[in-house]
Participant: 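I am attaching a structure below and will ask some questions about it afterwards.
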Amino acid sequence: MGPTSAEYNGTDGTRGVGRRDLIRRSAALGLLSVPTMSFLSACASSGGDGGEKAKAGKKTAKNPLAVNDSAPMEFVVFNGGFGTEYAEDAVKLYEKDFPKVKVTFSATQKIQSTLQPRFNQGTPPDLIDNSGAEQMDMGVLASKKQLTDLTPLLDAPSYDDPAKKVRDTLRPGIVEMGQLDGDPVWIMYYAYTVYGVWYSKKALDGLDEQYPETWDQMLAVCAKAKKKGMAGWTYAGKYPYYLPFSLYPMIGKVGGRQVLDAIDNLEPNAWKNPAVKACFEAYYELYKKGYVLKGTPGLDHIQSQTAWAEGKALFIPNGSWVENESANVIPKDFGLTVSAPTGLDASDAMPFGTIWASGGEPFIVPAKAANAPGGMEQLRIMLSEASSKNFTTKVKSLTAYNGGTTGITLTPGLKSGVAALKKAGSNVVNPRLQDWYVQLQKEQIGVGALGEMMAGRMTPAEAVKKIQAFADATAKDSSIKHYKHQ
């Protein structure tokens with residue numbers, strides 16, 4: 001992932017107030033004006049006529065997508081938490097299968113600014129890892145018909161077993177995540193990410209504590225940590241749209257998954273649900289009680305993760321890429337562990353263990369790609385068992401391929417993520433705002449509200465009011481493609 005991260009601070013209610021009382025509070029919320037359509041939509045303008053399309057190759061059992069075996073193929077990967085080696089290895093397999101092909105491979109952290117001009121000119125690469133802080137808005141790209149439907153890839157024989165289609169080798173939910181609206185599949189989420197609260201088991205054991213399941217327990221653990229000179233939480237204050245990685249599943253746990261669905265659907269007053277305000281107040285309480293590492297609002301993702309790895313803070317909200325991204329600073333005896341978010345109390349709508357897990361690292365094949373079959377074939381190779389195992393081994397994350405762990409010694413964080421998924425069972429939530437409405441999620445909810453709240457510059461009630469206004473404006477903006485849970 002790119003530079004994104006955040007941390008949460010909880011409620012300003014007193015300890016004498018019951019957690020369920022916090023949910024019953026309801027504030028009268030108004031509307032605010034919001035900025036106009038995101039600059040990200042510019043990347044999906046109609047653009048020029050583009051370059052020449054490669055002629056189709058001969059369709060065979062080994063070449064089911066009819067790739068032209070001499071047509072160049074260009075692949076741009078995001079250079080973030082997963083690095084680039086896994087993609088370079090997959091390119092070598094492509095070159096082995098098509099020895100006459102010249103593959104142009106490049107990596108960048110600036111996906112948007114690097115590729116926007118090429119989309120406008122109609123000359124985009126054939127395959128893009130559209131991730132990071134400069135991720136292009138995939139909802140906009142799809143609505144402007146700038147993406148290739150990946151259904152032919154999904155219906156093609158898998159790389160390992162011709163008797164199985166690619167779609168039959170994927171983890172549950174991966175295909176649906178890429179659909180956005182209707183049957184076409186616009187996105188292939190390659191990584192399978194576990195989001196939650198990450199911590200050092202060694203540090204928690206040192207406090208003689210277990211991971212807290214209720215918010216009163218969370219505050220007690222943070223108080224004990226503070227007495228020993230350790231902050232309870234940190235996060236990437238410069239990129240506060242990481243906060244939802246534990247805040248959203250907490251909202252779902254407290255109020256039920258229908259609350260998250262209503263938020264995703266941009267339903268009127270969805271953010272006014274009492275569960276939202278209760279969870280905002282819970283995080284704000286971390287700030288009010290001084291349980292957030294001093295200076296956190298000014299830290300980027302690497303700085304916050306480094307401080308956490310050095311033992312300056314106990315908890316950090318993040319995705320499973322953190323194990324690889326912070327591998328050079330996490331001590332060997334750290335005991336890297338992820339947990340589902342702490343809830344309010346035993347009367348929450350969903351049980352402890354409710355977690356956010358979903359496809360991550362979105363790959364797209366542009367509609368105007370010169371060699372779209374080549375881009376899809378590269379993905380078919382990446383969705384093989386060998387490539388999946390290579391990815392998991394090198395970057396410590398699962399893939400969309402449903403397997404690929406046999407014979408691999410799982411790293412602490414990966415092993416913990418698998419255990420968290422097992423504990424969650426069917427209690428896995430998958431909020432879609434970050435996929436459907438990038439500007440709303442990152443610039444407005446993240447930077448414009450949650451970051452301000454966690455820095456103490458906005459109250460939870462003010463944050464809820466501002467976010468509801470942002471969501472309402474997005475819902476009313478006819479230039480934005482809108483999506484709903486089916």
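No experiment lies behind these values; they were computed from the predicted model shown.
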Participant: Between Gln146 and Pro366, is any pair of side-chain heavy atoms under 4.5 Å apart?
Facilitator: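 SC-SC contact between Gln146 and Pro366 ruled out.
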
Participant: Does Asp89 pair with Lys394 as a salt bridge, N-O distance under 4.0 Å?
Facilitator: yes

Participant: Please tell me if the side chains of Pro362 and Met188 come closer than 4.5 Å, counting only heavy atoms from C-beta onward.
Facilitator: no

Participant: If we only count heavy atoms from C-beta on, is the Pro412 to Lys396 side-chain gap below 4.5 Å?
Facilitator: no

Participant: Would you confirm whether Ser304, through its side chain, and His301, through its main-chain N or O, come within 3.5 Å as a donor-acceptor pair?
Facilitator: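 Yes.
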
Participant: Side chains of Ser347 and Asp345: donor-acceptor distance under 3.5 Å anywhere?
Facilitator: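 Looking only at side-chain atoms, Asp345 and Ser347 do form a donor-acceptor pair, the distance falling under 3.5 Å.
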
Participant: Check the angle between the aromatic planes of Tyr86 and Phe363 and answer parallel, tilted or perpendicular using the 30° and 60° thresholds.
Facilitator: perpendicular

Participant: Counting distance only, does the side-chain N/O of Tyr291 pair as donor-acceptor with the main-chain N or O of Ala231 below 3.5 Å?
Facilitator: no

Participant: Please report the shortest heavy-atom distance between Ser326 and Gln305, naming the atom on each side.
Facilitator: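 For Ser326 and Gln305, the tightest heavy-atom pair comes out as OG-NE2, 2.8 Å.
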
Participant: Under 30°, 30 to 60°, or over 60°: which ring-plane class applies to Tyr483 and Tyr437, parallel, tilted or perpendicular?
Facilitator: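 Tyr483 vs Tyr437 ring planes: tilted.
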
Participant: So, for Asp137 and Val438, which heavy atoms are closest and what is the spacing to 0.1 Å?
Facilitator: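 Looking at all heavy atoms of both residues, the shortest contact is OD2-N, 3.6 Å.
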
Participant: Minimum heavy-atom separation for Pro125 and Ile128, please, with both atom names.
Facilitator: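 Looking at all heavy atoms of both residues, the shortest contact is CD-CD1, 3.9 Å.
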
Participant: Could you please spell out the steps behind the ring-ring contact (aromatic ring centres under 6.0 Å, His included) verdict for Tyr287 and Trp233?
Facilitator: CA-CA 9 Å; Tyr287 160 75; Trp233 287 67; over 10 Å; no

Participant: Could you walk me through whether Leu170 and Val175 pass the side-chain contact (heavy atoms from CB on, under 4.5 Å) test, one step at a time?
Facilitator: CA-CA 8 Å; Leu170 304 179; Val175 172; 4.0 Å; yes

Participant: Please determine whether the number of non-hydrogen atoms from other residues, nucleotides or ligands lying under 6.0 Å from atom CG of Asp208 exceeds 12.
Facilitator: no

Participant: Mark yes when over 12 heavy atoms from residues, nucleotides or ligands other than Lys224 sit less than 6.0 Å from its NZ; otherwise mark no.
Facilitator: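 Yes, the 6.0 Å shell around NZ holds more than 12 heavy atoms from other groups.
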
Participant: Under the 3.5 angstrom rule, does the side chain of Thr342 hit a backbone N or O of Pro212 as a donor-acceptor pair?
Facilitator: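 Side chain of Thr342 to backbone of Pro212, a donor-acceptor pair under 3.5 Å: yes, one is there.
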
Participant: Let me confirm one number: the NZ-OG1 distance from Lys415 to Thr337, rounded to the nearest 0.5 Å.
Facilitator: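 These two atoms lie 10.5 Å from each other.
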
Participant: Would a 4.5 Å heavy-atom cut-off, applied to side chains only, mark Leu344 and Thr214 as touching?
Facilitator: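 Answer no - side chains too far apart.
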
Participant: Above 12 or not: heavy atoms from other molecules or residues under 6.0 Å from NZ of Lys294?
Facilitator: no

Participant: Atom OG of Ser339 and atom CG of Leu204: how far apart are they, to the nearest 0.5 Å?
Facilitator: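 Output value for this atom pair is 9.5 Å.
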
Participant: Output yes when a side-chain donor or acceptor of Thr114 lies under 3.5 Å from a complementary backbone atom of Ile111, and no otherwise.
Facilitator: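 No, because the side chain of Thr114 does not come within donor-acceptor range (under 3.5 Å) of the backbone of Ile111.
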
Participant: Counting distance only, does the side-chain N/O of Asn269 pair as donor-acceptor with the main-chain N or O of Lys272 below 3.5 Å?
Facilitator: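 Between the backbone of Lys272 and the side chain of Asn269 there is no qualifying donor-acceptor contact (under 3.5 Å).
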
Participant: Establish, from distance only, whether the side-chain atoms of Ser320 and Tyr195 form a donor-acceptor pair under 3.5 Å.
Facilitator: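 Checked: Ser320/Tyr195 side chains show no N/O donor-acceptor pair below 3.5 Å.
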
Participant: Among side-chain atoms of Ser131 and Asp129, is any donor-acceptor pair under 3.5 angstrom?
Facilitator: no

Participant: Is the closest basic N to carboxylate O distance between Lys253 and Asp348 below 4.0 Å?
Facilitator: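 Yes, Lys253 and Asp348 are salt-bridged.
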
Participant: Side chains of Trp186 and Ile364: does their closest heavy-atom pair fall under 4.5 Å?
Facilitator: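 Trp186 does not reach Ile364 side chain to side chain.
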
Participant: I'd like to know if the side chain of Thr296 pairs up with that of Thr234 as donor and acceptor (distance under 3.5 Å, no hydrogens or angles considered).
Facilitator: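 A pair is found: one side chain offers a donor N or O, the other an acceptor, under 3.5 Å apart.
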
Participant: Starting from the C-alpha separation in whole Å, work towards a yes-or-no answer on ring-ring contact (aromatic ring centres under 6.0 Å, His included) for Phe245 and Trp321.
Facilitator: CA-CA 13 Å; Phe245 294 158; Trp321 62 82; 5.7 Å; yes

Participant: So, Thr84 versus Glu88: side-chain donor-acceptor pair below 3.5 Å or not?
Facilitator: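 Present: a donor and an acceptor within the cut-off.
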
Participant: Just wondering, do Leu115 and Pro124 contact through their side chains at under 4.5 Å, heavy atoms?
Facilitator: no

Participant: On a heavy-atom basis, which atom in Ala191 and which in Phe82 lie closest, and how many Å separate them?
Facilitator: CB-CE1, 3.7 Å

Participant: Would you check if the side chain of Gln135 reaches a backbone N or O of Asn130 as a donor-acceptor pair within less than 3.5 Å?
Facilitator: yes

Participant: With no hydrogens and no angle check, is any side-chain donor or acceptor of Glu323 less than 3.5 Å from a backbone partner on Gly413?
Facilitator: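 Indeed, once roles are kept as given, a pair shorter than 3.5 Å links the two residues.
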
Participant: Just so I know, are the side chains of Phe280 and Lys277 near enough to count as touching, which here means a heavy-atom distance under 4.5 Å?
Facilitator: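 In short, these two side chains do not touch, never coming nearer than 4.5 Å.
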
Participant: Please find the pair of heavy atoms, one from Ala449 and one from Ile467, that lie closest to each other, and give the distance.
Facilitator: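 Residues Ala449 and Ile467, closest heavy atoms: CB-CG1, 3.5 Å.
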
Participant: Considering only heavy atoms from C-beta outward, does the side chain of Leu421 approach that of Tyr192 to under 4.5 Å?
Facilitator: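 Of all side-chain heavy-atom pairs linking Tyr192 with Leu421, at least one is under 4.5 Å.
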
Participant: Could you walk me through whether Glu267 and Lys484 pass salt bridge (Lys or Arg N to Asp or Glu O under 4.0 Å), step by step?
Facilitator: CA-CA 10 Å; Glu267 294 177 14; Lys484 291 186 181 298; 5.7 Å; no

Participant: Tell me whether Asp300 is salt-bridged to Lys238, with the criterion being a basic N under 4.0 Å from an acidic carboxylate O.
Facilitator: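 Between Lys238 and Asp300 there is no salt bridge, as every charged N stays at least 4.0 Å from the carboxylate O atoms.
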
Participant: Please determine whether side-chain contact (heavy atoms from CB on, under 4.5 Å) holds for the pair Ser113 and Glu134, giving the CA-CA distance in whole Å, both sets of side-chain angles, and the decisive distance to 0.1 Å.
Facilitator: CA-CA 7 Å; Ser113 54; Glu134 283 203 23; 2.9 Å; yes

Participant: Using the rule given for side-chain contact (heavy atoms from CB on, under 4.5 Å), can you reason through Phe315 versus Tyr211, listing the C-alpha separation, both sets of side-chain angles and the distance that settles it, and then say yes or no?
Facilitator: CA-CA 10 Å; Phe315 301 119; Tyr211 183 85; 3.8 Å; yes

Participant: Quick check: closest heavy atoms across Ser388 and Gly404, and the distance to 0.1 Å?
Facilitator: OG-CA, 4.1 Å

Participant: For the pair Gln468 (side chain) and Trp271 (backbone), establish whether a donor and an acceptor sit closer than 3.5 Å, ignoring hydrogens and angles.
Facilitator: yes

Participant: Do other residues, nucleotides or ligands put more than 12 heavy atoms under 6.0 Å from Lys201 NZ?
Facilitator: no

Participant: CD/Gln258 to NE2/His485 distance, rounded to the nearest 0.5 angstrom?
Facilitator: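 Output value for this atom pair is 11.5 Å.
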
Participant: Can any side-chain N or O of Asp477 pair as donor or acceptor with the backbone N or O of Ser479 at less than 3.5 Å?
Facilitator: yes

Participant: In terms of side-chain geometry, is the basic nitrogen of Asp435 or Arg432 positioned less than 4.0 Å from the acidic oxygen of its partner?
Facilitator: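 Yes, charged N to carboxylate O under 4.0 Å.
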
Participant: I want to know whether Tyr190 and Phe391 have ring centres closer than 6.0 Å.
Facilitator: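 For Tyr190 and Phe391, the ring centres are under 6.0 Å apart.
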
Participant: For the atom pair CD1 (Ile174) and OG (Ser358), what is the distance rounded to the nearest 0.5 Å?
Facilitator: 7.5 Å

Participant: Should we count CD of Gln210 as having more than 12 external heavy atoms under 6.0 Å?
Facilitator: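 No.
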
Participant: Look up atom CG in Leu433 and atom CG in Asp264, then write down how far apart they are to the nearest 0.5 Å.
Facilitator: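 Going from CG on Leu433 over to CG on Asp264, the span is 4.5 Å.
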
Participant: I need the Ile251 CD1 to Met350 CE distance, nearest 0.5 Å.
Facilitator: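 Answer rounded to 0.5 Å: 13.0 Å.
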
Participant: How far apart are the C-alpha atoms of Phe352 and Asn427, what are their side-chain angles, what is the distance that settles it, and do they pass the side-chain contact (heavy atoms from CB on, under 4.5 Å) test?
Facilitator: CA-CA 9 Å; Phe352 176 73; Asn427 298 305; over 6 Å; no

Participant: Check whether any side-chain N or O of Asn79 sits under 3.5 Å from a backbone N or O of Gln109 as a donor-acceptor pair, and report yes or no.
Facilitator: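 Here the side-chain-to-backbone pair does not exist.
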
